[in-house]
Structure formats: structure tokens, C-alpha cells
**Student:** 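Here you go, one structure.
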Number of protein chains: 2
Amino acid sequence: MIVATWNVNSIRAREERLLAFLARHAPDVVCLQEIKVRQEEFPFETLAEAGYHAAVNGQKAYNGVAILTKDEPKEVKRGFGDGKEDSQARFLQAHVGATCFASVYVPNGGEVGSEKWSMKLEWLKRLRKWLDENMDPEKTLILAGDFNVAPEERDVENPDQWESSVLFHPDVREALADVVEWGLFDSLRIRNKEAGLYTWWDYRRLAFPRNDGLRIDHLYLSRPLVGRCAEAWIDREERKGGRPSDHAPVIAAIDV
Amino acid sequence: MIVATWNVNSIRAREERLLAFLARHAPDVVCLQEIKVRQEEFPFETLAEAGYHAAVNGQKAYNGVAILTKDEPKEVKRGFGDGKEDSQARFLQAHVGATCFASVYVPNGGEVGSEKWSMKLEWLKRLRKWLDENMDPEKTLILAGDFNVAPEERDVENPDQWESSVLFHPDVREALADVVEWGLFDSLRIRNKEAGLYTWWDYRRLAFPRNDGLRIDHLYLSRPLVGRCAEAWIDREERKGGRPSDHAPVIAAIDV
DNA sequence: GTGCCATGAG
DNA sequence: CTCATGGCAC
């Protein structure tokens, strides 16, 4: 089974590239972030023609997550379902077979110390709470998306520059570590230990050509899936030519 | 020699279609209107690769006219040169060989009776004055562009509806007739007398599929060129597929 | 840089 | 409907 996660930065602007991506990798499940459309504008028909079902938690101009699946998704749920109101569409879960998939778009956090920063840390706590209250670490779970956090030094080209930013500040790394500690395994790090593997490059500063990137998109597995993950990689090729998203997809091959 | 005029409604949005148009017809001269860019943003390089020189009278968000030529253009002049200030880029002339080409974008006119309406009538008077003071009816002149006036009933699908509009009001038809009276000949009407030949369809109202159009783009010739004009037509094909301009090009084949 | 919005133009 | 703008978000 091929599973992918990709922050497309507008599904409208990326529709052609998404179809090419699906054709190239034929993934069984794709978690998408920043689709930036309401459900009404989501391109269900085009994706159905490409052979995909779609579960969508949409929103007008910002955010919005989706899960594309070859098989029909079951138990689709939007948001954490923890009673708090969700003005932003950042979480979606769906089951395929016995496996639970969640597509997450963690808030960016604006500036360290700001209101948005607090919301980011708070949101990661809610995510941990969702795991605690709804998931079982010994069952099959794939939690994937744009976490807007680089976990370690080897995940950042220039750690000194980024340490003071919302993407690599110690506090947010700790908040992510607390989520992971529930019982998640970073699929990319099962076999790839080297530095320099990034999933995001700032559109400004022409960061991609200089590979001044960060690994902030992750595909986490619960323990039962770790031994079944044959391979995980970042699809840097997707960024070539045309108008790419600022995020590269993360892909994992998992025996199910 | 193939000569064309086309209101592209943004040269940025129409760049691909423009290149396809040039490849298809290989025109020697093309008058463009509503390029909507300053000279700094004009795609000189792409057009040079396609084999064209470009004379440009540009402007930031609105208006803007250009003349593309296979041979190098001479005596390029922006505006009427009548001493009045030109806050809007609507007129450009250039010579190719002995022939003078002018690309014009007559003001739309807003609402009949408005300030913009007066400016439209005034602008057409300035155009006539420019002809009187700078041109010779017995020399070779091609005056082409978006005149925002349909000259006759046969040039409008629904004359009754449009008679009260700025595009077909008797006053503006008279103002255009006064320009033509200087000594211009409507190339399309040399051989094509039938009704139903339009160059513009309102984006709103889905006017194109219903052919609810008007002929407001014209390619005028001075007398010495009339006998040399073998053919003139509207390129309706250009509107097919993708995101077309609301105007179709007018093309003439002229022996020079 | 690249996407969204609302607004203005046609 | 299809362009442009300036402003915001990331």
C-alpha cells in the first residue's frame, strides 16, 4: 500500500499537478492539506475520474484538509470532536479497512510569543488529547500532514537561523515530541537517518534552489505498522517545473 | 501582407494564446489593445523569440496598446501628440516601410450621458483631428483597434437592446462616422456585407454561445490600400477553448 | 513568491 | 464572467 501526505497550497492551483502525482505514484491513500476550498468547490468529479474517493474538511480561503482513497473511506469525521468550536478546518479522519487515517494541518504559529503561537501549542495539546481519548496505540493508525514543526537539528538546513522561529523553536519541538510520545513513529526516520531531507522551502528567499529547507511534513505510524513499512521518502521531483507547492509530498510503502 | 487587430484583455493572461495566434496566422503586423501592463512588464523577449518586434504604449492596470511587427517599426509615437496630457494609454503609431499603422483603444464610455461618455465622444474628435493634422488620405494608413462602437444595425445582434448603450448609441455612431469620413475604409465591409459578424461578446450573460455580439473592433484602410485588400475576416476560432479574450481578432490580407 | 480575499472595471 | 488592484497569510 502506498500512502502519501502533501500540503498542496490550494487544490485549485494544484489540480493538474495533483492528477499527475496520482498517476505517477498510484497511492492508495493521500492526505492533503491547505486545499483552500469549501467542500462545494472541491474537485470531486475530476478525482473520481482518476479513481479516487475524497473525504473533505473544507474552508473558504485558508486551511482545509482532505483524504483521497482508492477504496471507499468509512467513519469520516471532521475536527477533533472534542466539543470545542473549530473555526478552522485542520483535522480530518477516515478509515480504510481497519486502518485509521488522519490528515492534519497544524497552525503555523505566526510569531513566537504571539496569540497564534499560543494557539499552535494549544492545538498540538488537543491533538495529543484526541489520540489519548480516541485512539489505541496498538491499533493501526496513520497520522500525516503538515505539522509546521521540524523535530530535530538534522531536519533543518540552518538550525541556528530557525531556532527562534515558530517552525523550530524548542517549545514547539517539545509539544510535537509530546504528541509523538503517545506512540507514533516517524516513517521517514525508520530507515533514513541522514540530515538534509526537507519537505518545505520558503517561496521567498528562493529557498528551494539553495535547499534551505525544513522537514515539517510528517507521516507517522502507530507501532503495529512500523515493521510493515518497507520504505518512506520525500518526493522532491514533484517540485520540478511549472508552479509547484512550497511543500514536497512524503510517501510511504506499507504492507497491509 | 497579413495585418491583424486584437483586444487581448491582458497580455499577461493571454500570452500563450497570443503566441498560438501568431504561429497560426504569421501576421506581419498586429495591433493590440488592453495589454494592461507597463512597458517594463511587456513580454518583449517571448515575442522576439516568436520573431516579432514590439512598439508599446503601456499603462499599469488598464488600457495599453501595442504594435507587433516582423520588420522593425520606425517613427514610433505614443499618444496623439496634440499637447493634451494623456493619462490613459490608448493610442500608438508606428511605420513599417511606407505604411503608417495606428493601434487605438477608444474609451468604452461608461453610461450614456456620464463623464466617461463625454470623454469617449471627445476622444473620437481628437482622433479625427489627429488624422486631419498628421495624415494624408492619399497615403497608406492602417488604423485598427477596439473602437467600442458598432457602426451599423447589421453589426449588432440585438440593435434595439443596444441602441441605448454606449456601444451603439446614435451619437457615438455619428462620432465614429465623422472619423471614417476623413477617408477611411472598413476592410471587413469591402467584401462582406452580411449581418451577424461580431468581434465582441459580453463575458457576463454568456453572450458568446448565443452569438449576442457586436462588431466594435475595426481595421480601417486609407484609400490607396482598398484595392490591395484581398480579404478581411474575423477570427472566431480564436475564442475556442480555454480562457479567451472577450474580443475576437480581425485580420486582413493586403498586397503591399 | 504564491495563494486567497474584496473591490472596481468592462 | 474575467481581468486588474491592494492587503493578508504563510
Side-chain angles (χ1 to χ4, degrees), chain A residues 7-15 17 33-38 41 58-64 88-90 105-111 114-117 119-120 146-149 162 165-167 199-210 212-214 216-217 239 242-247, chain B residues 7-15 17 33-38 41 58-64 88-90 105-111 114-117 120 146 148 162 165-167 200-210 212-214 216-217 239 242-247:
Chain A
N7 179 323
V8 290
N9 187 14
S10 166
I11 200 167
R12 270 193 288 240
R14 224 64 63 201
E15 193 166 318
R17 293 185 86 101
Q33 300 85 39
E34 285 206 85
I35 59 172
K36 294 185 174 177
V37 287
R38 288 191 231 97
E41 283 92 41
Q59 179 178 329
K60 188 171 184 164
Y62 302 110
N63 315 312
Q88 302 189 324
R90 296 180 175 276
Y105 176 45
V106 177
N108 171 280
E111 296 287 314
S114 69
E115 180 77 16
K116 286 179 181 173
W117 169 249
M119 288 313 302
K120 180 178 193 173
D146 176 359
F147 287 79
N148 268 316
V149 185
W162 287 97
S165 91
V166 291
L167 302 180
T199 65
W200 177 81
W201 301 263
D202 200 328
Y203 275 135
R204 301 157 282 191
R205 327 178 203 213
L206 307 160
F208 188 71
R210 296 185 290 113
D212 179 11
L214 290 86
I216 60 177
D217 299 86
R239 293 230 9 163
R243 290 178 160 277
S245 167
D246 47 349
H247 293 255
Chain B
N7 179 324
V8 289
N9 187 14
S10 168
I11 200 166
R12 269 194 289 238
R14 225 62 65 201
E15 194 166 316
R17 293 185 86 101
Q33 301 84 40
E34 284 205 87
I35 59 172
K36 295 185 174 177
V37 287
R38 288 192 231 98
E41 283 92 39
Q59 179 180 329
K60 188 171 185 161
Y62 302 111
N63 315 311
Q88 302 188 325
R90 297 180 173 278
Y105 176 46
V106 177
N108 171 281
E111 297 287 315
S114 69
E115 180 77 15
K116 286 177 181 175
W117 168 250
K120 178 178 192 173
D146 176 0
N148 268 316
W162 287 98
S165 92
V166 292
L167 302 180
W200 178 81
W201 301 263
D202 200 329
Y203 274 135
R204 299 157 287 190
R205 327 179 203 217
L206 307 161
F208 188 70
R210 295 185 290 113
D212 179 12
L214 290 86
I216 61 177
D217 299 87
R239 294 235 3 169
R243 292 179 158 275
S245 167
D246 48 348
H247 294 255

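Proteins get letters first, then strands, A, B, ... in listed order; numbering begins at 1 in each. Quick caveat: nothing in here was measured; it's all calculated off a predicted structure.
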**Student:** Using whole Å, what does the distance between atom C1' of nucleotide C/dG1 and atom CG of A/D246 come to?
**Tutor:** 9 Å

**Student:** I need the CD-C1' distance between B/E41 and D/dA4, as an integer number of Å.
**Tutor:**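 For the pair B/E41 CD and D/dA4 C1', the rounded distance is 12 Å.
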
**Student:** Could you pick out which residue, A/R204 or A/S10, lies toward the 5' side of DNA chain C when each is mapped onto its nearest nucleotide?
**Tutor:** A/R204

**Student:** Check the orientation of B/W162 and B/W200. Use parallel for under 30°, tilted for 30 to 60°, and perpendicular for over 60°.
**Tutor:** perpendicular

**Student:** Select one nucleotide: of C/dC4, D/dC10, D/dT2, the one nearest the side-chain heavy atoms of B/Y203.
**Tutor:** D/dT2

**Student:** From C-beta outward on A/Y105, which listed nucleotide comes closest to its side chain: C/dG3, D/dC3, D/dC10?
**Tutor:**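 So the nucleotide nearest the side chain must be D/dC10.
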
**Student:** Give the nucleotide from the list C/dC5, D/dT5, D/dC3 with an atom nearest to the side chain of B/A13.
**Tutor:** D/dC3

**Student:** Does a side chain donor of either B/Y105 or B/E34 reach within less than 3.5 Å of an acceptor in the other side chain?
**Tutor:**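 A donor-acceptor contact under 3.5 Å links the two side chains.
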
**Student:** With the side chain of B/N108 defined as its heavy atoms from C-beta on, choose the nearest nucleotide among C/dG10, C/dC4, D/dT5.
**Tutor:**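 Given the options C/dG10, C/dC4, D/dT5, the side chain of B/N108 is closest to C/dG10.
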
**Student:** Atom CD of B/E34 and atom C1' of C/dG10: how far apart are they, to the nearest Å?
**Tutor:** 7 Å

**Student:** Rounded off to whole Å, could you give me the NE2-to-P distance for the B/H247 and D/dT2 pair?
**Tutor:**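 It is 14 Å, rounded to the nearest whole Å.
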
**Student:** So does B/A13 get a backbone contact from the side chain of B/K36, meaning a donor-acceptor N/O pair under 3.5 Å?
**Tutor:** no

**Student:** Given D/dC3, C/dC5, D/dT5, which nucleotide is nearest the side-chain atoms of B/R12?
**Tutor:**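 Within the option list, the nearest is D/dT5.
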
**Student:** Measure from the side chain of A/K116, starting at C-beta and using heavy atoms only, and say which of D/dC1, D/dC10, D/dG6 lies closest.
**Tutor:**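 Selected nucleotide (nearest to the side chain): D/dC10.
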
**Student:** Does B/Q33 offer a backbone N or O that forms a donor-acceptor pair with the side chain of B/R90 under 3.5 Å?
**Tutor:**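 Such a contact is absent between B/R90 side chain and B/Q33 backbone.
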
**Student:** Considering every strand and a 4.0 Å limit on heavy-atom distances, what is the contact class for A/R243: base, sugar-phosphate, or nothing?
**Tutor:**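 Sugar-phosphate contact only.
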
**Student:** How long is the line joining CD1 of A/I35 and P of C/dC4, in whole Å?
**Tutor:**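 Between P of C/dC4 and CD1 of A/I35: 12 Å.
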
**Student:** Whole angstrom is fine here: how far is it from OH in B/Y62 over to P in D/dT2?
**Tutor:** 17 Å

**Student:** Under 4.0 Å between a side-chain N or O of A/K60 and OP1 or OP2 of D/dA9?
**Tutor:**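 For A/K60, the contact criterion (side-chain N or O under 4.0 Å from OP1 or OP2 of D/dA9) is not met.
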
**Student:** Ignoring hydrogens and angles, tell me if any N or O in the side chain of B/D202 forms a donor-acceptor pair with the backbone of B/A207 under 3.5 Å.
**Tutor:** no

**Student:** Rounding to a whole Å, what distance do you find between A/F208:CZ and D/dC10:C1'?
**Tutor:** 18 Å

**Student:** Whole-Å distance between C/dC4 P and A/R38 CZ?
**Tutor:**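 Between P of C/dC4 and CZ of A/R38: 13 Å.
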
**Student:** Between D/dT2, C/dC4, C/dA9, which one does the side chain of B/R14 approach most closely?
**Tutor:**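 Per side-chain heavy atoms of B/R14, the pick is D/dT2.
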
